[in-house]
Amino acid sequence: MKSFSDKVRDIVRKIPKGRTMTYKEVARKAGNPNAARAVGAVMRMNYDESIPCHRVIASDGGMRGYNRGGEARKRQRLIEEGALRA
DNA sequence: TAGTTGACCGGAA
DNA sequence: ATTCCGGCCAACT
């Protein structure tokens, strides 16, 4: 049995390029539709480049924080991938 | 075991 | 549209 955080990491890693997922969506796929907060907690603790955490955004389409680069960098990256304002 | 914290979400003012 | 408040979950102390 994989832990919730493990599922979240796996799901986020499976997010295709040019596509963004909200914390709530990821939480729902992880098995807990209301665990959006826990998803954010996992992202904060996780520092793996293999996980496109920048493709995970808030339900408002904005971002609350980022580990490296900053929010502006994250948004820029999404636009560059065509996931935002394509 | 219990209390606190935080990359959240939805509704109300 | 912006700001405030309560609620859910997992991890940390």
Side-chain angles (χ1 to χ4, degrees):
Chain A
M1 181 56 183
K2 290 155 70 81
S3 300
F4 179 84
S5 31
D6 287 325
K7 291 188 202 170
V8 172
R9 286 180 267 193
D10 191 51
I11 292 165
V12 174
R13 201 186 317 182
K14 285 181 175 69
I15 299 178
K17 178 170 147 315
R19 179 61 181 281
T20 54
M21 272 179 99
T22 65
Y23 295 99
K24 195 159 176 276
E25 286 293 293
V26 176
R28 187 162 66 83
K29 268 187 172 298
N32 292 340
N34 286 18
R37 238 173 162 178
V39 174
V42 172
M43 294 292 99
R44 182 174 68 79
M45 288 191 261
N46 185 11
Y47 244 76
D48 197 328
E49 294 284 347
S50 309
I51 301 179
C53 43
H54 61 273
R55 288 185 194 153
V56 183
I57 58 176
S59 44
D60 298 276
M63 46 290 279
R64 302 296 160 186
Y66 201 48
N67 51 3
R68 67 193 210 299
E71 303 171 8
R73 177 62 185 276
K74 179 173 177 177
R75 184 176 59 191
Q76 188 65 44
R77 197 165 173 169
L78 289 171
I79 296 172
E80 200 173 339
E81 292 185 355
L84 219 58
R85 307 189 192 163

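Protein chains get the first letters and strands the later ones, always in sequence-line order, with residue 1 at the start of each.
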Are any of Asn32(A)'s side-chain N or O atoms less than 4.0 Å away from OP1 or OP2 of dA10(C)?
->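 Yes, within the criterion.
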Which residues within residues 4-15 of chain A lie with some heavy atom under 4.0 Å of an atom in DNA chain B?
->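 Nucleic-acid contacts, sorted: none.
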Near DNA chain B, under 4.0 Å by heavy atom, which residues of residues 21-31 of chain A?
->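 Heavy-atom contacts with DNA chain B come from Tyr23(A), Lys24(A).
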Quick check: does any side chain N or O of Arg28(A) sit under 3.5 Å from a backbone N or O of Lys24(A), one acting as donor and the other as acceptor?
->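 No, because the side chain of Arg28(A) does not come within donor-acceptor range (under 3.5 Å) of the backbone of Lys24(A).
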Can any side-chain N or O of Thr22(A) pair as donor or acceptor with the backbone N or O of Glu25(A) at less than 3.5 Å?
->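 Such a contact is found between Thr22(A) side chain and Glu25(A) backbone.
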For DNA chain C, whose closest nucleotide is more 5', that of Ser3(A) or that of Asn34(A)?
->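 Result: Asn34(A).
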In chain order, what residues pass the side-chain hydrogen bond (donor to acceptor under 3.5 Å, both in side chains) check against Lys14(A), with sequence neighbours excluded?
->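 Lys14(A): side-chain hydrogen bond (donor to acceptor under 3.5 Å, both in side chains) contacts with Asp10(A).
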Taking all non-hydrogen atoms of both residues into account, name the closest pair between [X] and [Y] and its distance.
{"X": "Ala36(A)", "Y": "Ala27(A)", "result": "N-CB, 3.6 Å"}
{"X": "Glu81(A)", "Y": "His54(A)", "result": "OE2-NE2, 3.2 Å"}
{"X": "Pro52(A)", "Y": "Arg13(A)", "result": "CD-CA, 3.8 Å"}

Would you list the pairs meeting side chain to side chain donor-acceptor pair (under 3.5 Å) in which at least one residue belongs to residues 29-46 of chain A, sequence neighbours left out?
->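 Listed once each, the pairs would be none.
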Any side-chain heavy-atom pair from Arg55(A) and Arg77(A) closer than 4.5 angstrom?
->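 When only atoms from C-beta onward are counted, Arg77(A) and Arg55(A) do not touch, as no gap falls below 4.5 Å.
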Within the structure shown, what part of the strands sits under 4.0 Å from Ala38(A) by heavy-atom distance: base, sugar-phosphate, or nothing?
->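 Base, at least one base atom sits under 4.0 Å.
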Which residues, ordered by chain and number, are linked to Tyr23(A) in its hydrophobic cluster, where ILVMFWY side chains connect at heavy-atom gaps below 4.5 Å, directly or through other members?
->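 Same cluster as Tyr23(A): Phe4(A), Val8(A), Ile11(A), Val12(A), Ile15(A), Met21(A), Val26(A), Val39(A), Val42(A), Met43(A), Ile51(A), Val56(A).
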Nucleotide N/O to protein N/O under 3.5 Å, stretch nucleotides 11-13 of chain B:
none

Rounded to whole angstrom units, what separation is found between the [atom1] atom of [X] and the [atom2] atom of [N]?
{"X": "Met63(A)", "N": "dG6(B)", "atom1": "CE", "atom2": "P", "result": "21 Å"}
{"X": "Met45(A)", "N": "dC9(C)", "atom1": "CE", "atom2": "P", "result": "16 Å"}
{"X": "Arg37(A)", "N": "dC9(B)", "atom1": "CZ", "atom2": "P", "result": "10 Å"}
{"X": "Met43(A)", "N": "dA7(B)", "atom1": "CE", "atom2": "P", "result": "13 Å"}
{"X": "Asp60(A)", "N": "dT2(C)", "atom1": "CG", "atom2": "C1'", "result": "11 Å"}
{"X": "Ile57(A)", "N": "dC9(B)", "atom1": "CD1", "atom2": "C1'", "result": "14 Å"}

